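Step one of this worksheet: look at the structure below.
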Amino acid sequence: MTAPLWTARVVTVFPAMFPGPLGESLAGRALERGTWSLEVLDLRDFADDPHRMVDDTPFGGGAGMVIRPDVVDRALQTARPAKGRMIYLSPRGRRLDQALVRDLAECPVVVLLCGRYEGVDQRVLDANAVEEVSLGDYVLSGGEPAALCLMDAVVRLLPGVTGNRDSLVEESFADGLLEYPHFTRPAAWTAHDGVERRVPDVLLSGHHAKVAEWRRSEAERLTRERRPDLWASRERSIKTLTEMRQTPNGN
Ligand code: ADE
């Protein structure tokens, strides 16, 4: 078998949570085929006492427990890839977005450190130059569900995992836009509320250029209405690109 295109190396106190949902469907089949590989390290295997303790009380007091630096350090020395990135999933991190997902898909090995309790001793994150990545502005009970989401987003970009490559080009965020609405048969459909809803005529026209134009304008409208933040950052990038093209030598 050829080497996997991408390896996720997960450090966790709950190894049984993996592969979890990623053992099913597209990601699961790709895992079986060896397109990507999942290595799970049980943090407790790196403890140094018979009770396999990984946490301790926080200096300064307060609620909860903190994961010990020595235990995490031993795990990271084992997990550390020759070429790759080490990420700690935490609500304090850089927000995961499609650009970061694309970058991570290019990285042969990604180590994902999952925290529990109040978090991990800061010194071991500093000593290992671990990047922090967040799924969003809410608090999960641990990094494991966040690691699963990150892996799902990366794996579906790997060659051969998502059947139709066009869908990757057209999907939400591919071009900094949300995706246009989708419809299937019947062309006129009456829901439980008694209202007949019709598919936009242009989609039934068979006119490819007009369909593409409609989809584009719907994607732009939805992005402007629902995600003004995305729209503004896209406008800024377009402006910068236009300015760079006008001054090719940077003068
Ligand atoms: N761990 C707990 N909450 C998290 C979040 N929002 N993102 C990533 N990891 C987390």
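Order of appearance sets the numbers: ligands from 1, and atoms from 1 within every ligand. Since the model is a prediction, treat every value here as computed from it, not as a measurement.
Atoms of ligand 1 found under 4.0 Å from any heavy atom of S134, numbered from 1 in the order shown, are 6 (N), 7 (N), 8 (C). Residue contact check: L89 has heavy atoms under 4.0 Å from atoms 8 (C), 9 (N) of ligand 1. For ligand 1, the atoms sitting less than 4.0 Å from at least one non-hydrogen atom of A146 are 8 (C), 9 (N), numbered in the order shown with element in parentheses.
Of all protein heavy atoms, the one closest to atom 6 (N) of ligand 1 is Y138 O, 2.7 Å.
Taking the charged nitrogens against the carboxylate oxygens, D70 and R74 do have a contact shorter than 4.0 Å, which makes a salt bridge. Ion pair E220/R216 flagged as a salt bridge, since at least one NZ, NE, NH1 or NH2 atom sits closer than 4.0 Å to an Asp/Glu carboxylate oxygen. Using a 4.0 Å cut-off between a side-chain N of Lys or Arg and a carboxylate O of Asp or Glu, E106 and R102 do not qualify as a salt bridge.
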### Task
For salt bridge (charged side-chain N to carboxylate O under 4.0 Å, His left out), just list the numbers for D73 and R68, CA-CA rounded to whole Å, side-chain angles, deciding distance to a tenth of an Å, and then say yes or no.
CA-CA 9 Å; D73 200 43; R68 281 166 39 178; over 6 Å; no
### Query
Are D42 and F14 close enough, and set up right, to give a side-chain contact (heavy atoms from CB on, under 4.5 Å), and what steps lead you there?
CA-CA 7 Å; D42 185 342; F14 291 108; over 6 Å; no
### Task
Give the intermediate values and the outcome of salt bridge (charged side-chain N to carboxylate O under 4.0 Å, His left out) for residues E218 and R215.
CA-CA 5 Å; E218 282 294 284; R215 287 179 167 167; over 6 Å; no
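For the atom pair Q98 CD and D175 CG, the distance stands at 12.0 Å (nearest 0.5 Å).
Residue P91 touches ligand 1 through backbone and side chain together, judged by heavy-atom distances below 4.0 Å.
Close to ligand 1: V133, with a non-hydrogen atom less than 4.0 angstrom away.
At a 3.5 angstrom cut-off on N or O pairs, S141 does not count as close to ligand 1. Of the polar atoms of L135, at least one N or O is found under 3.5 Å from an N or O of ligand 1, judged by distance alone. Below 3.5 Å of separation, one finds an N or O of L140 facing an N or O of ligand 1.
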